[in-house]
Amino acid sequence: MLGLMQDWPLLLHKIIDHAAIFHGDREVVTQTPEGTVERSNYRRIDSRARKLSEALLARGIGMGDRIATLAWNTARHLESWYGIAGVGAVYHTLNPRLFPDQIVWIANHAGDRALFFDVAFAELVARIAPQLETVEFFVALSDREHLPDIGIPNLVAYEDFIAPMSDSFAWREFDEHTACGLCYTSGTTGKPKGVLYSHRSNTLLAMMACATDTLGLSSRDTMLPVVPMFHANAWGIAFAAPMTGAKLVLPGPRLDGASLCRLFADEKVTMTAAVPTVWLAALNYLEETGKTLPALKKVLIGGAAAPRAMIEIFEKKYGVEVVHSWGMTEMSPLGSLGTLKAGIADLSWEKKLDYKVKQGHPPFGVEMKITDAENRELPRDGKTFGRLKVRGPAVAKSYFRGDGPGAFDAEGWFDTGDVGTLDRDGYMTITDRAKDVIKSGGEWISSIEIENLAVCHPAIAEAAVIGVPHPKWDERPLLIVVLKPGQTATKGDILAFLSGKIATWWIPDEVVFIDAIPHSATGKVQKVALRERFAGYRLPG
Ligand code: ADP
């Protein structure tokens with residue numbers, strides 16, 4: 001017997017409609033490249049997104065067409081996502097931090113029919129335009145006055161594109177499984193692969209994100225997503241914020257410590273989200289200026305491991321709760337979040353910190369297990385580590401165009417490529433990416449754990465650990481550090497600092513000092529580049 005409840009498809013435009021009707025005056029603030037702010041609200045975002053939908057239909061764009069965006073977090077970019085998805089087309093976020101050749105490869109692989117771009121990327125667009133095989137027209141996210149003169153055909157200003165259209169356009173209705181968004185993995189682990197989100201998966205993701213033990217976003221919050229919309233679906237915030245009626249503050253291209261901290265204060269931001277490298281810069285700025293974060297209540301840190309020292313500074317010095325989260329593009333991207341469960345929340349500060357450093361527990365909608373190389377499930381004892389596998393309604397079941405089929409098994413589990421442990425309370429700890437674990441004497445050493453400890457040393461700004469060949473042990477850890485400006489530390493100091501905190505056989509064989517650690521387009525340490533740089537490295541003795 002079937003239930004007798006309504007068939008109400010989970011479509012993205014229902015989210016922005018809900019925001020427009022029930023939270024219509026709630027602001028969406030954009031920081032311009034010049035550092036001033038522009039104010040909009042959900043009612044306006046909704047009506048302008050409808051105009052965009054109509055304009056796209058008039059240009060022959062419809063179901064399943066991919067429309068690329070090359071843009072920072074701004075109100076126009078947000079409208080574009082909803083307007084594109086509103087006709088059954090697919091917003092495809094391109095990461096401007098990639099090399100131009102990679103962007104071209106991804107846009108051609110996706111078969112994008114149009115490209116929406118920030119004026120800041122005009123030069124880049126002019127350079128790559130001749131190589132974009134399927135792009136028919138370009139939309140600059142600006143008014144006519146700011147339309148860049150870059151000599152490419154079929155270029156129109158966004159404001160001119162939507163101006164003649166009506167804001168009473170009726171959204172198209174279609175199946176909730178219809179594709180709405182496309183984001184390529186940044187290729188940290190090989191060729192970029194496309195992850196194709198659906199209206200249903202993004203809506204469920206947003207519902208998951210709002211839950212108290214996930215982001216805990218409410219209509220009283222002001223959310224500033226530093227995480228760019230082109231990185232992993234903006235962690236669901238572009239949907240979760242309008243779903244709850246939270247005010248949105250979009251920082252545009254200015255992501256430096258000073259600009260962010262000014263926005264936090266001016267707009268009374270209560271919640272924010274970014275990768276650890278962003279917070280390194282922001283915390284340095286606060287330290288240098290003596291400023292504080294009076295309105296900020298919660299910071300979401302994910303995309304790479306949040307070091308213990310960073311969590312401690314946020315919580316103790318600035319009174320900001322840290323929610324350490326793990327996820328990936330393939331998971332829309334929320335996988336687990338480190339809110340404290342009953343019992344754990346009453347532990348001593350140091351013990352609570354032990355939990356906050358872990359990558360958190362999965363929300364409803366994410367199934368998680370660890371397995372050995374033969375796909376046998378391993379115990380949830382907090383000690384045994386294995387390959388982390390996940391499934392759920394917002395987890396990819398295949399890559400775009402069928403790439404990388406090996407990551408998915410017959411039972412629907414997706415192999416994340418990460419190695420980790422699960423404990424009895426459901427908390428997961430990432431040991432490493434599978435290809436970054438250091439295999440020493442038949443056992444595994446976690447590079448992340450050593451890195452996290454190393455950055456607690458007062459003189460160390462950033463650290464990375466890679467495995468280097470060893471005649472007896474196969475591989476041994478090499479610790480690569482960048483010191484804070486004006487600070488000194490020797491190999492002996494650093495190894496003494498680590499001693500007693502990890503097993504003796506995990507202590508790195510050598511410490512090397514370099515000026516800067518390379519980062520990927522999504523702000524992660526580029527282990528591949530470090531391994532190349534230290535390819536011929538021989539350990540002393
Ligand atoms: P890409 O894989 O293209 O670099 P993603 O943003 O999808 O881009 O990266 C997902 C990966 O980032 C995860 O598989 C994991 O290795 C790493 N990661 C994400 N969050 C964390 C975290 N909190 N701690 C450690 N690693 C993390």
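FYI, the numbering just counts along the sequence from 1. When a ligand or atom number is given, it counts from 1 through the structure's own listing order.
A salt bridge does not link D346 with K351: none of the charged nitrogens is closer than 4.0 Å to a carboxylate oxygen.
Applying the 6.0 Å contact sphere to CZ of F364 captures no more than 12 heavy atoms from other residues, nucleotides or ligands.
Contact annotation for T185 and ligand 1: heavy atoms of both the backbone and the side chain come within less than 4.0 Å of the ligand. Only the backbone of S325 comes within contact range of ligand 1, with a heavy atom under 4.0 Å; no side-chain atom does. Neither the backbone nor the side chain of P192 comes within contact range of ligand 1; no heavy atom lies under 4.0 Å. Counting heavy atoms under 4.0 Å from ligand 1, residue M328 touches it through both backbone and side chain.
For K352 and Y355, the positive end is not near the middle of the six-membered ring at less than 6.0 Å and at most 45° from its axis.
Within the listing of ligand 1, atoms 12 (O), 17 (C), 18 (N), 19 (C), 20 (N), 21 (C), 27 (C) sit less than 4.0 angstrom from a heavy atom of G303. Of all atoms in ligand 1, listed by their number and element, those nearer than 4.0 Å to a heavy atom of H231 are 6 (O).
Checked against a 3.5 angstrom limit, the closest N/O atoms of T329 and ligand 1 fall inside it. Of the polar atoms of I430, none of the N or O atoms is found under 3.5 Å from an N or O of ligand 1, judged by distance alone. Where the criterion is an N or O separation shorter than 3.5 Å, residue side chain and backbone included, A305 meets it with respect to ligand 1.
Not a single heavy atom of M331 sits closer than 4.0 Å to an atom of ligand 1. Using a non-hydrogen distance threshold of 4.0 Å, P333 does not register as a contact of ligand 1. Taking 4.0 Å as the cut-off, A304 counts as a neighbour of ligand 1 on heavy-atom distance.
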task = Please report the C-alpha distance between E449 and K501 in whole Å, then the side-chain angles of each, then the deciding distance to 0.1 Å, and finally whether the salt bridge (charged side-chain N to carboxylate O under 4.0 Å, His left out) criterion is met.
result = CA-CA 10 Å; E449 200 165 328; K501 299 187 176 92; over 6 Å; no
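At least one donor-acceptor pair closer than 3.5 Å links the side chain of D423 to the backbone N or O of D425. Between the side chain of R476 and the backbone N or O of W505, at least one donor-acceptor pair lies under 3.5 Å. Side-chain N or O atoms of S259 include none that pairs as donor or acceptor with a backbone N or O of L255 at under 3.5 Å.
Checking D418 against W326 by side-chain atom types alone, a donor-acceptor pair falls below 3.5 Å.
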